[in-house]
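In what follows, a structure is listed as structure tokens, so that the remarks can point back to it.
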Amino acid sequence: MAKEIEMSTKYQPNQVEAGKYEKWVELDLFKPSEDDSAEPYSIVIPPPNVTGKLHLGHAWDTALQDIIIRQKRMQGYDTVWVPGMDHAGIATQAKVEERLAEQGTNRHELGREKFLEEAWNWKEEYASNIREQWAKVGLSVDYSRERFTLDEGLNKAVTKVFVDLYNKEKIYRGEYIINWDPKAMTALSDIEVDHKDIQGAFYHMKYPLADGSGFLEIATTRPETMLGDTAVAVHPDDERYQQYIGKTVLLPLMDREIPVVADDYVDMEFGTGVVKITPAHDPNDFEIGNRHDLERLNVMNRDGSMNKNAGKYEGLDRFKARKEVVADLDELGLLIKVEEMVHSVGHSERTGVVVEPRLSTQWFVKMEQLAEEALANQKTDNKINFAPERFEKTFETWMENVHDWVISRQLWWGHQIPAWYHNETGEVYVGETAPEDAENWTQDEDVLDTWFSSALWPFTTMGWPDTDNRDFQRYYPTNTLVTGYDIIFFWVSRMIFQALEFTETRPFENVLLHGLIRDEDGRKMSKSLGNGIDPMDVIDEYGADALRWFLSNGSAPGQDVRFSYEKMDSSWNFINKIWNASRYVIMNLEDFEYEDIQLDGEKTLADQWILARLNETVAHVTDQFEKFEFGEGGRALYNFIWNDYCDWYIEMSKEILNEGTEEQKRTTRSILTYVLDQTLRLLHPIMPFVTEEIWQHIPHEGESIVAAAYPVVHPEFENADARDNMNTVIELIKAVRNIRSEVNRPLSQTVDMIVKVNSEADKEMLTANKSFIVRFCNPGELTIDTEVDVPNEVMSAIVKGAEVFLPLQGLVNVEEEIARLEKELDKWQSEINRAKGKLGNEKFVSNAPDAVVQAERDKQVEYEKRYQAVQDQIAKLHELK
RNA sequence: GGAUCUUUAGCUCAGUUGGGAGAGCACUACCUCGACAAGGUAGGGGUCGCAGGUUCAAGCCCUGCAAGGUCCACCA
């Protein structure tokens, strides 16, 4: 009877996904509609680093964006999703240098130009990997707009921004203590430093007073920096040390006389209350040095080795020097003790080495005003909406406490700073082009922090500084930015103040923040732990659709999510369910065409009910997606498909398709197809591949589901009666199944059924659906009436509107059945008590909404009815004994 | 030190303006019926971390505490 179809029994993701993405790209489905009457909707991708493969976090981040943009596209918006990648200065340069080292060379041998060529080759290689991965995940980005943070347009924009900020005195150059990465040999901003607790030591040592009157005891965790000490400090109110202020101590090992100064910064309670001051190697000491006009003595080279200012320690690595300094002090009897301690030490986010605070001349962005404006903007209509909202506070707190931003990096791979120094006068020139007498000037060797260019991403991708072009006019500001909460400081904040400064509007209306992906044990995925999971492996095993389903449904917004193979199994499983339900529909369509779909025919209760449920689902899913609550929306879809469509509608449709008239069959086929079609459309943003595959197999109009219209609510499908009646039917069927299960009567054996209904209306309704009840309950004889004869030896159940009795001569264990019913009686009794209690509370009746009170009254009536019925049945059973 | 998140079934987690606790997996029993056994049917399992408070009503709001996580700051 059913048609043979070309769909495997099991869902096979590799087969389903093959070739689809290429087809979509070929059909230009990811390009904007260019329909000016449509509302625009734009997203720019957070550009992944060109340093390697995408990880699961990227898959999550981009899948969320794809869900949003695909839904908006189906809803008729003129959508654009701009892809691109980040040059990732330090990270990429480090990788390229690693590769050069393998080849037995290094960047200095190659020279700047050759090195950059190598870096560009690297970029091309990795960019194509990344594009392949995007394709596998199914991302509907518009490749014709792809950008790179180091391309020509970006470079122009970056230069303009630098020069403008310089002219507005929001960029300055100066000598300060910065975080220095001795491996990469570059400055780092504060947020590129990770503080980690490590085992270290507190070295207590003696500094002899120059006049020979004794010693001051000083403690430090970095003894090698003493070589650069230019003072020691005590608190001005510290009685212990009053006498020493203004005297000098003899710096051990260096034999320099350095002053004892008084400064409020010193904490009398901490350590000995005496602090060594190394203005060139500690940010606080630098400040104290400024206040007391102390010399800044730099004792280290760029690579972390000691320099000539370190005397005999010159050339030693800083950690080697530490050991030697300690040993020498010990020998001189100046080492008091070494106290083991765990303390927090800054590490380079990129290279992992211990960061050295170091005096250095760098470029900075002055943050005060930019931060103030960003904060003030949050109080206007132009504010950025954070989802979840709590992250707005994270953003604000950071902005309120932000320090000036070190933007120069001692690298080659990046935007070279548009500043030139006069070869003779040392005069500084900053401009978009080189000075005219170029031969007399030398350009700053350094490049800008990667984040300086990524901060401009939302508007540079739209063509800025050309603000007259169509993309900028139409798609900027963008609608939604999706990224992890871990880069609010690095990226989100900086995009916000730069956009406000240069485009006078927010860069995006919404920012959706997600968490991190953890491994099955809840640990962060990291290279050092080796617990990373390659999303491509997951896709090969389960399909991109299953991965996307897991990622969008695995957790609540802003929460971290644990990767779980178990959940991947159940994702696959869900898709397999959809697959098989679709197979059922397709098998039963025979020659049914798109034109044959007819929703106006006479409908069964199930028909009306499933359309009403579809309507509710459409409304709910649309609403949840609007709030970026994909998990909640997904759950509604899951329940609708599995519990309503598969468990009930499909099962009931079998009755019509087997026994119904041609007209009835047509309506059923129409609704089976229509509901499946609508459901596939709702699912498509989350699982694009399998929905396309199935959609192509069912009667449809249009070349791809990608461009199909998103479902909308149909008021004419609303039907409260159908919902109530269907619930009665379902409850009745479940009650019978329950009893059959109790007495171990499988469906293959008939059992008579007597249904005593409360009203003529219920009688009519159940009689009309008799064939469905027969299908699900397999009764020998089925009686439905308001007055019925019930034999003594029966098992019974009561549902809303009806009582059902199953005569089971010889099968009813009277004792057990009484016990079962008494348990039920207790249940109803406690429900009645609860309802009575509430209704007896005058405050409840007067304060609670009428609907809530009325619902409580209805419940009480219903439960009392059920209680009475169960009690009657128990009495009967007692007679039987 | 500051901020923030988490604590709900054996495990992993949902629970959206406060109005009778849910899912997946695991568990028990039964069922190969022409979509699906990676399935179906029925079922067991929770003082929603603890203590107070607000309210007619609290998993949800407020306060405090405990445990675990994360971020920021400090650490001479």
Side-chain angles (χ1 to χ4, degrees), chain A residues 1-2 5 7 9-11 190-191 195 202 218-222 225 232-233 265-267 270-278 282 284-285 288 341 343-345 388 390-391 393-394 397-398 401 485-486 488-489 515-516 518 520 522 524 553-562 564 566-567 569-574 576-588 620 623-624 627 629 631-632 634-635 638-639 646-647 650-651 654 658 734 737-742 744-748 775-776 778 831 834-835 838 841-849 851-853 855-856 859:
Chain A
M1 172 98 67
I5 59 164
M7 281 174 78
T9 320
K10 280 189 174 128
Y11 161 60
D190 291 347
I191 48 179
H195 291 274
F202 214 25
I218 287 175
T220 180
T221 54
R222 295 188 296 152
T225 62
V232 297
Y265 165 76
V266 180
D267 180 353
F270 192 85
T272 59
V274 189
V275 187
K276 59 191 273 307
I277 303 298
T278 323
D282 182 279
N284 295 310
D285 293 4
I288 294 171
M341 69 182 291
H343 64 144
S344 168
V345 176
R390 60 188 158 87
F391 289 113
K393 209 179 161 191
T394 307
T397 307
W398 188 72
N401 299 298
Y485 62 68
D486 53 326
I488 293 177
F489 306 143
L516 308 174
R518 296 170 176 280
E520 302 211 64
K524 266 191 196 172
N553 282 272
S555 82
Q559 291 307 125
D560 290 352
V561 67
R562 277 191 206 204
S564 149
E566 199 177 278
K567 286 193 177 175
D569 284 338
S570 77
S571 292
W572 180 91
N573 225 13
F574 175 45
N576 188 51
K577 186 76 181 180
I578 300 166
W579 182 260
N580 276 296
S582 305
R583 287 181 66 233
Y584 166 81
V585 173
I586 294 161
M587 280 178 177
N588 284 290
H620 191 246
D623 190 42
Q624 293 304 321
K627 293 188 276 189
E629 295 271 3
E632 277 303 294
R635 240 156 275 139
Y638 184 98
N639 291 332
C646 292
D647 289 353
I650 283 186
E651 290 308 321
K654 289 174 182 172
N658 287 340
K734 286 195 161 195
R737 281 171 170 173
N738 186 344
I739 294 172
R740 278 173 161 278
S741 177
E742 292 272 331
N744 206 2
R745 289 284 97 164
L747 212 57
S748 51
R775 182 169 194 92
F776 285 90
N778 191 26
E831 295 295 350
R834 207 186 58 80
K838 274 192 156 185
N841 181 342
E842 205 171 306
K843 285 180 176 169
F844 170 74
V845 178
S846 56
N847 287 328
V852 174
V853 177
E856 212 58 47
K859 279 177 204 164

Rounded to the nearest angstrom, tell me the gap between atom [atom1] in [X] and atom [atom2] in [N].
X	N	atom1	atom2	result
A/Asp569	B/G24	CG	C1'	11 Å
A/Asn847	B/G19	CG	C1'	13 Å
A/Phe844	B/G19	CZ	C1'	7 Å
A/Arg562	B/C25	CZ	P	19 Å
A/Asn639	B/G15	CG	C1'	12 Å
A/Asn553	B/G15	CG	P	12 Å
A/Arg518	B/G69	CZ	P	10 Å
A/Asp486	B/U70	CG	C1'	11 Å

**Prompt:** What pattern of brackets, bars and dots sums up RNA chain B from 5' to 3', given Watson-Crick or G-U wobble pairs under 3.5 Å, [ ] for crossing pairs and | for another strand?
**Reply:** (((((((..((((.....[..)))).(((((.......))))).....(((((..]....))))))))))))....
**Item:** Verdict with reasoning, A/Thr225 to A/Asp282, per side-chain contact (heavy atoms from CB on, under 4.5 Å)
**Value:** CA-CA 9 Å; A/Thr225 62; A/Asp282 182 279; over 6 Å; no
**Prompt:** Below 4.5 Å, heavy atoms only, C-beta onward: do A/Tyr584 and A/Lys654 meet side chain to side chain?
**Reply:** yes
**Request:** State, yes or no, whether a side-chain contact exists between A/Asn658 and A/Arg775 at a heavy-atom distance under 4.5 Å.
**Result:** yes
**Message:** Is it true that, when you exclude A/Lys734 itself, more than 12 heavy atoms of the residues, nucleotides or ligands shown sit nearer than 6.0 Å to its NZ?
**Reply:** no
How far does the [atom1] atom of [N] sit from the matching atom of [M], given to the nearest Å?
N	M	atom1	result
B/U70	B/U41	P	42 Å
B/A57	B/G44	P	31 Å
B/C60	B/G1	C1'	31 Å
B/A9	B/U47	P	9 Å
B/G53	B/C72	P	39 Å
B/U55	B/G40	P	48 Å
B/C56	B/U7	C1'	29 Å
B/G18	B/A76	P	48 Å

Shortest non-hydrogen contact between [X] and [Y], atoms and distance:
X	Y	answer
A/Val274	A/Ile218	CG1-CG1, 3.7 Å
A/Lys524	A/Arg518	N-NH1, 3.8 Å
A/Lys838	A/Phe844	O-CD2, 3.3 Å

Please determine, for the side chain of [X], which listed nucleotide ([options]) has the closest atom?
X	options	value
A/Lys393	B/U4, B/G24, B/G15	B/U4
A/Asp647	B/U41, B/G24, B/C36	B/U41
A/Pro746	B/G15, B/C31, B/C36	B/C31

Which part of the nucleic acid, if any, lies within reach of [X] when heavy atoms closer than 4.0 Å are counted: base, sugar-phosphate only, or nothing?
X	result
A/Ser570	sugar-phosphate
A/Trp579	nothing
A/Gly554	sugar-phosphate
A/Phe574	nothing
A/Ala848	base

**Sole candidate of A/Val275, A/Ile277, A/Thr278 that passes side-chain contact (heavy atoms from CB on, under 4.5 Å) when paired with A/Ile288** = A/Ile277
**Nucleic acid footprint by protein, nucleotides 71-76 of chain B - heavy-atom cut-off 4.0 Å, B for base, S for sugar-phosphate alone** = SS-BBB
**Message:** Classify the ring geometry of A/Tyr638 against A/Phe574: parallel below 30°, tilted from 30° to 60°, perpendicular beyond 60°.
**Reply:** tilted
**Message:** Closer than 3.5 angstrom, by distance alone: can the side chain of A/Asn576 be matched with the main-chain N or O of A/Tyr11 as a donor-acceptor pair?
**Reply:** yes
**Prompt:** Quick one: does A/Asn580's side chain have a donor or acceptor within less than 3.5 Å of a partner on A/Lys10's backbone?
**Reply:** no
**Asked** For A/Asn576 and A/Asn573, take the nucleotide of RNA chain B holding the closest heavy atom to each; which residue's nucleotide lies nearer the 5' end?
**Response** A/Asn576
**Request:** On RNA chain B, check which nucleotide each of A/Lys838 and A/Arg390 is closest to and give me the residue with the more 5' one.
**Result:** A/Arg390
**Check: A/Gln624 side chain, B/U16 base, donor-acceptor under 3.5 Å** = yes
**Request:** Using only heavy-atom distances, decide whether a donor-acceptor pair under 3.5 angstrom links the side-chain of A/Glu651 to the base of B/A35.
**Result:** yes
Quick one: is [N] close enough that its OP1 or OP2 comes under 4.0 Å of any side-chain N or O from [X]?
X	N	answer
A/Asn738	B/G43	yes
A/Lys654	B/A35	yes
A/Lys577	B/G40	yes

**Request:** Assess the side chains of A/Tyr485 and A/Asp560: does a donor N or O sit below 3.5 Å from an acceptor N or O?
**Result:** yes
